[in-house]
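Note on naming: letters A, B, ... go to the chains in the order of the sequence lines (proteins, then strands), and numbering restarts at 1 for each one.
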Amino acid sequence: MSEASSNNANKSMDDIMALCKRRGFIYQASEIYGGINGFWDYGPLGAQLKKNLRDAWWQDVVMNPCVGRPGPDGEPVEIVPVDTCIIQNPKVWEASGHVGGFNDPMIDCRESKARYRADHVRAISGKGKRNEAPIFAFLTDTPSETKQRKAAAKKFGNEIEEFDLLELGTDFANVLGPDADTLGTLTEPRAFNLMFKTFVGATSAQTDENAAYLRPETAQGIFINFKNVVDTTRVSVPFGIAQTGKAFRNEVTPRNFTFRSREFEQMEIEFFCHADDAKTWFTFWRDWRYQWWQEIGLAGDNLILRNHDSDELAHYAKEGEGTSDIEYRFPFTAPGFGELEGIAHRGNFDLTQHEEHSKKKMQYFDTTRGELAPNGQPKGEWYTPHCIEPSAGLDRGVLAIICEAYTPDESRASKVYMKFHPRVAPIKAAVFPLVNKDGMPEKAAELHQELVKKFGHLGAIETDAKQSIGKRYARMDEAGCPICFTIDGDTLTDGTITVRDRDTAEQKRIPMAQASAYLAEVLGM
RNA sequence: GCGGGCGUAGCUCAAUGGUAGAGCGUCAGCCUUCCAAGCUGAAUGUUGACGGUUCGAGUCCGUUCGCCCGCUCCA
């Protein structure tokens, strides 16, 4: 357990947010106009950090799936990428269940602060007295039902009638809320539209006919291209399709810095396999994804793997075998955890839905299955593949990495340093002349150019000749730069430089000619 | 959506209803041979926004936007 991971509950989110602002990791979106609730912008260091995490995922998922670890079938894991549109045909969201399932009107109770799905609330009035107080509202199978039935019986005896609350319309002045003690505390029903709506066509009217939605998840772009990928590439089940991209949800309550944002980026894999193999693939992905987050720097006990209870499964996962979350103990969730990535067994829910709604065949012909023909070859089998979905939040990953890296240290000049794993660190190295004269700046520029050329595609290589060396080290500590190379007087005579380690502040001398190899090793190359 | 707290320079914070300040950071110059050293100087604010009370509002009142905490919600 690292020092950083053991005390997240003691890390101040205010301090972390201040550092994010001060050093240019994350800014409030539209700040000069007073911000906009639920949106955040990344500054120079944050944008690079986010790109590094996205690149690491892409490399380890798409380019070299599971870093070469074979799947449960002993074969290399096969993954191909796609990049699909944020705006899809609206029918996609009908098929996926996002339109029908999440437009439900909700009712709030001003007294009890409870919130109810309007269509779930039942009501009891006196017989023929629907327009008179009191009317008793309740939720079936909750304590409120018992309580309200008792109250209604006391008031009306057997002369009652029972109906859906919504039959009253939108005015509930005569209604006693399920958990209320006074009449008329229920608000009128309000729709919760979790999807952002927009309109397609520059000259078209903004009517429902032209309505479209910003995607609430990248996953559907994969499912609706499943057949395209199967038909046009040489993949065969089992295989996965991966995608990163923005998604949008009109969250009821954006909260906790970037953790719950209305615009966010996902990194998703939809891995298709035969139903018989789904369970083993689920376990495989769950375990590897957990390990991946550990290897990217969330190595301590702040990261856990949690299997969902059956009663909290999402609509799509009920068909499958379950869901596991990889969760991180953020300072604002401690001692609890917040989700970084969910690994869901979606069954064949999505492909089946799209097959029904689009009338296009989504089944897959597997030539390795089926009974054997006389010649000993399998006859093949048609089936709708099941799907394992490791779905990660990129912004949440960045936030977790920032929280994990944040390390207060009163003993050093910066008082805090960012202990980024070298692979995600936005600044990979810095080159300093110890003093800004005597040929040192020239040497520094030389080494800087060399390192930029070799490592610049991975992140920033900085150089700085201003002010004292301690100040420059401190600045790099706060930015999370893993190592600094310093040119001094000896460099000019014997060709050696000092390497300064961020985490230990220790220094050692190496030949300048080996700086590049040294950095490569730090970066795990 | 409810309740509570908050909003002053890039950051952290001062300022009795009476001229908006400090520290740090940033920038410039000098200096400087390993950890924010030293010296000199500079820039930076419609006090979140709008309205009101007042001779006068950072301060009081209203509205609004945003952030934090709790509840709620969370595909």
Novice: What is the nucleic acid contact for A/Met440, judged by heavy atoms within less than 4.0 Å: base, sugar-phosphate only, or nothing?
Specialist: base
Novice: Ignoring backbone atoms, establish whether A/Lys466 has a side-chain N or O less than 4.0 Å from OP1 or OP2 of B/A28.
Specialist: yes
Novice: Contact class for A/Asp488 (heavy atom, under 4.0 Å): base, sugar-phosphate, or nothing?
Specialist: base
Novice: By nearest atom, which of the nucleotides B/C34, B/A37, B/C11 is closest to the A/Arg22 side chain?
Specialist: B/C11
Novice: Does A/Lys21 place a side-chain N or O at less than 4.0 Å from the phosphate oxygens OP1/OP2 of B/C11?
Specialist: yes
Novice: Would A/Glu31 and A/Lys21 satisfy salt bridge (Lys or Arg N to Asp or Glu O under 4.0 Å), going step by step from the backbone distance to the final call?
Specialist: CA-CA 11 Å; A/Glu31 191 182 88; A/Lys21 172 75 187 290; 3.4 Å; yes
Novice: With a 4.0 Å cut-off, would you call A/Lys419 and A/Asp503 a salt bridge?
Specialist: no
Novice: Below 3.5 Å, does any donor atom in the side chain of A/Thr498 face an acceptor in the base of B/C34, or the other way round?
Specialist: yes
Novice: Start at the 5' end of RNA chain B and walk down; is the nucleotide closest to A/Phe332 or to A/Lys471 reached first?
Specialist: A/Lys471
Novice: Without hydrogens or angle criteria, can the side chains of A/Gln507 and A/Thr498 be said to hold a donor-acceptor pair below 3.5 Å?
Specialist: no
Novice: Say whether A/Ser411 and A/Asp409, considering side chains only, have a donor N or O and an acceptor N or O under 3.5 Å apart.
Specialist: yes
Novice: Rounding to an integer number of angstrom, what distance separates B/G23 and B/A42 when you compare their P atoms?
Specialist: 13 Å
Novice: If you draw a 6.0 Å radius around NZ in A/Lys415, do more than 12 non-hydrogen atoms from other residues or ligands fall strictly inside?
Specialist: yes
Novice: Round to a whole Å and report the spacing from CE of A/Met13 to P of B/C69.
Specialist: 8 Å
Novice: Assign A/Gly43 to base, sugar-phosphate, or nothing according to its heavy-atom contacts below 4.0 angstrom with the strands shown.
Specialist: nothing
Novice: Quick one: which of B/C68, B/A36, B/C34 gets closest to the side chain of A/Met17?
Specialist: B/C68
Novice: In whole angstrom, what separates A/Lys443's NZ from B/U33's C1'?
Specialist: 17 Å
Novice: Measure from CD on A/Glu478 to C1' on B/C24 and round the result to the nearest Å.
Specialist: 11 Å
Novice: Answer with base, sugar-phosphate or nothing: what part of the nucleic acid does A/Arg255 contact at a heavy-atom distance below 4.0 Å?
Specialist: base
Novice: Any heavy-atom pair between the side chains of A/Phe337 and A/Leu303 that's under 4.5 Å?
Specialist: no
Novice: Of all the choices, B/C35, B/C27, B/C68, which nucleotide is nearest to the side chain of A/Phe257 once you look at every atom?
Specialist: B/C68
Novice: If each of A/Asp14 and A/Ile487 is mapped to the nucleotide of RNA chain B with the nearest heavy atom, which maps nearer the 5' terminus, i.e. the 5' end?
Specialist: A/Ile487
Novice: A/Asn37 side chain N/O closer than 4.0 Å to the phosphate oxygens (OP1, OP2) of B/C67?
Specialist: yes
Novice: Using atom CD of A/Glu410 as one end and atom P of B/A36 as the other, report the distance to the nearest whole Å.
Specialist: 14 Å
Novice: Considering only side-chain heavy atoms of A/Ile469, which listed nucleotide, B/A36, B/C11, B/C35, is closest?
Specialist: B/C35
Novice: Can you find a heavy atom in the side chain of A/Ile402 that is under 4.5 Å from one in the side chain of A/Cys20?
Specialist: yes
Novice: How is A/Ala18 classified with respect to the nucleic acid when contacts are heavy atoms under 4.0 Å: base, sugar-phosphate, or nothing?
Specialist: sugar-phosphate
Novice: Can you measure A/Asp15 atom CG to B/C67 atom P for me and round it to whole angstrom units?
Specialist: 19 Å
Novice: If the P atom of B/U32 is compared with that of B/C68, how far apart are they to the nearest Å?
Specialist: 48 Å
Novice: Take atom CG of A/Asp409 and atom P of B/C35, then tell me their distance rounded to the nearest Å.
Specialist: 16 Å
Novice: Please measure how far the C1' atom in B/C27 lies from the corresponding atom in B/U16, and state the result in whole Å.
Specialist: 37 Å
Novice: Would you tell me whether A/Tyr290 and A/Glu341 have side-chain atoms, one donor and one acceptor, within less than 3.5 Å of each other?
Specialist: no
Novice: Base, sugar-phosphate, or nothing for A/Asp438, non-hydrogen atoms under 4.0 angstrom?
Specialist: base
Novice: Take the protein atom CG of A/Asp501 and the nucleotide atom P of B/C35, then report the distance between them rounded to whole Å.
Specialist: 16 Å
Novice: Does B/C69 have OP1 or OP2 under 4.0 Å away from a side-chain N or O of A/Asn256?
Specialist: yes
Novice: Can you tell me how far P in B/U46 sits from the matching atom in B/A9, rounded to whole Å?
Specialist: 8 Å
Novice: In whole Å, what separates the C1' atom of B/A15 from that of B/G58?
Specialist: 8 Å
Novice: What does A/Lys437 touch in the nucleic acid at a heavy-atom separation under 4.0 angstrom: a base, only the sugar-phosphate, or nothing?
Specialist: sugar-phosphate
Novice: Kindly point out which of B/C35, B/A36, B/A75 is positioned nearest to the side chain of A/Ala474?
Specialist: B/A36
Novice: Heavy atoms under 4.0 Å, any strand shown: does A/Asp477 hit a base, just sugar-phosphate, or nothing?
Specialist: nothing
Novice: Give me the distance, rounded to whole Å, that separates B/U59 from B/G1 when you measure between the C1' atoms they each carry.
Specialist: 31 Å
Novice: Name the stems that RNA chain B belongs to, where each is three or more consecutive Watson-Crick or G-U pairs with both distances under 3.5 Å?
Specialist: B:1-7 with B:65-71, B:10-13 with B:21-24, B:26-30 with B:38-42, B:48-52 with B:60-64
Novice: Is there a donor in the side chain of A/Ser324 and an acceptor in the side chain of A/Asn307, or the other way round, less than 3.5 Å apart?
Specialist: yes
Novice: Ignoring hydrogens and angles, answer whether the base of B/C35 and the side-chain atoms of A/Arg500 contain a donor-acceptor pair closer than 3.5 Å.
Specialist: yes
Novice: With a 3.5 Å cut-off and heavy atoms only, can you find an N or O donor on one side and an acceptor on the other between the side chain of A/Glu251 and the base of B/C73?
Specialist: no
Novice: Of the listed nucleotides (B/C35, B/U32, B/C67), which one gets closest to any side-chain atom of A/Val435?
Specialist: B/U32
Novice: What integer number of Å spans the C1' atoms of B/G45 and B/U8?
Specialist: 8 Å
Novice: Between A/Lys246, A/Lys50, A/Arg54, A/Arg262, which is the residue that forms a salt bridge (Lys or Arg N to Asp or Glu O under 4.0 Å) with A/Asp395?
Specialist: A/Lys50
Novice: Regarding A/Glu446 and A/Gln449, do their side chains bring together a donor and an acceptor under 3.5 Å, going by distance alone?
Specialist: no
Novice: By the 4.0 Å heavy-atom rule, please label A/Glu31 as base, sugar-phosphate, or nothing.
Specialist: nothing
Novice: Rounded to the Å, how far apart are A/Phe485 CZ and B/C34 C1'?
Specialist: 16 Å
Novice: B/C73 and B/C2: how far apart are their C1' atoms, nearest whole angstrom?
Specialist: 12 Å
